[in-house]
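Notes follow once the structure below has been shown.
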Amino acid sequence: PRRKYTGCVSKAVGVSFGEKGNSVLTLKTKNGVNKPNRLVRKVQLRHVARGAKACNQTIAKLTEDQYYCADLKRAAQARLSAQAQGSIKKIASVEYKPKTRSNKD
């Protein structure tokens, strides 16, 4: 049987949209049990500039080094890939409109 999203582990991984269309990887840490500010570690993933493959490697490195469950890693990578595809489509659909100056005196 394959474990998926086990509740007994106190570690969590999430991917959400950040500023400028990039994604933010959030990792729950054990250090901040009594300090809510340190409970979550946030890492900026610039998939617009670096590409989704490089960001997936970053997710793998960060989660494997700190012994997160493999199913959480795969779910985070899938979510990042979906977000990257959606943002690339948004970027491609934006048309370039040069600014024009109006000569009002």
Side-chain angles (χ1 to χ4, degrees):
R2 195 174 131 206
R3 291 186 320 169
K4 191 168 185 181
Y5 311 117
T6 54
C8 61
V9 181
S10 63
K11 295 185 176 186
V13 178
V15 178
S16 61
F17 270 117
E19 338 175 316
K20 301 180 183 177
N22 289 318
S23 296
V24 178
L25 175 70
T26 56
L27 302 165
K28 186 177 175 186
T29 61
K30 292 193 304 185
N31 300 354
V33 175
N34 295 327
K35 298 176 182 173
N37 196 22
R38 291 178 57 193
L39 185 61
V40 177
R41 178 180 171 199
K42 294 182 180 181
V43 179
Q44 291 281 342
L45 299 172
R46 300 184 323 254
H47 60 76
V48 175
R50 295 177 59 215
K53 185 176 180 180
C55 291
N56 278 335
Q57 290 173 349
T58 302
I59 290 173
K61 180 82 172 146
L62 288 171
T63 54
E64 287 171 2
D65 286 350
Q66 297 173 3
Y67 303 104
Y68 281 81
C69 294
D71 56 348
L72 296 177
K73 177 191 80 166
R74 285 191 295 271
Q77 288 175 333
R79 184 158 185 170
L80 174 87
S81 297
Q83 286 181 359
Q85 262 186 337
S87 65
I88 288 171
K89 287 179 184 176
K90 284 181 187 176
I91 291 170
S93 66
V94 174
E95 295 180 13
Y96 174 71
K97 294 180 183 177
K99 292 184 178 179
T100 58
R101 283 189 159 173
S102 61
N103 294 331
K104 293 182 179 179
D105 292 322

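For the atom pair Ser23 OG and Leu80 CG, the distance stands at 5.0 Å (nearest 0.5 Å). Of the inter-residue distances, the one linking Leu27 atom CG with Leu39 atom CG reads 11.5 Å to the nearest 0.5 angstrom.
With Cys55 as the partner, the side-chain contact (heavy atoms from CB on, under 4.5 Å) test is satisfied by one option alone out of Leu25, Leu45, Val15, Val43: Leu45.
For the residue pair Val13 and Tyr68, the shortest heavy atom distance occurs at CG2-CD2, 3.5 Å.
Residues passing the side-chain hydrogen bond (donor to acceptor under 3.5 Å, both in side chains) test with Thr26, sequence neighbours excluded: none. Residues satisfying the side chain to side chain contact (heavy atoms under 4.5 Å, CB included) test with Ala60, not counting sequence neighbours, are Glu64, Lys73, Gln77.
Counting only residues at least two apart or on different chains, the salt bridge (Lys or Arg N to Asp or Glu O under 4.0 Å) pairs with a member in residues 45-62 are Lys61-Asp65.
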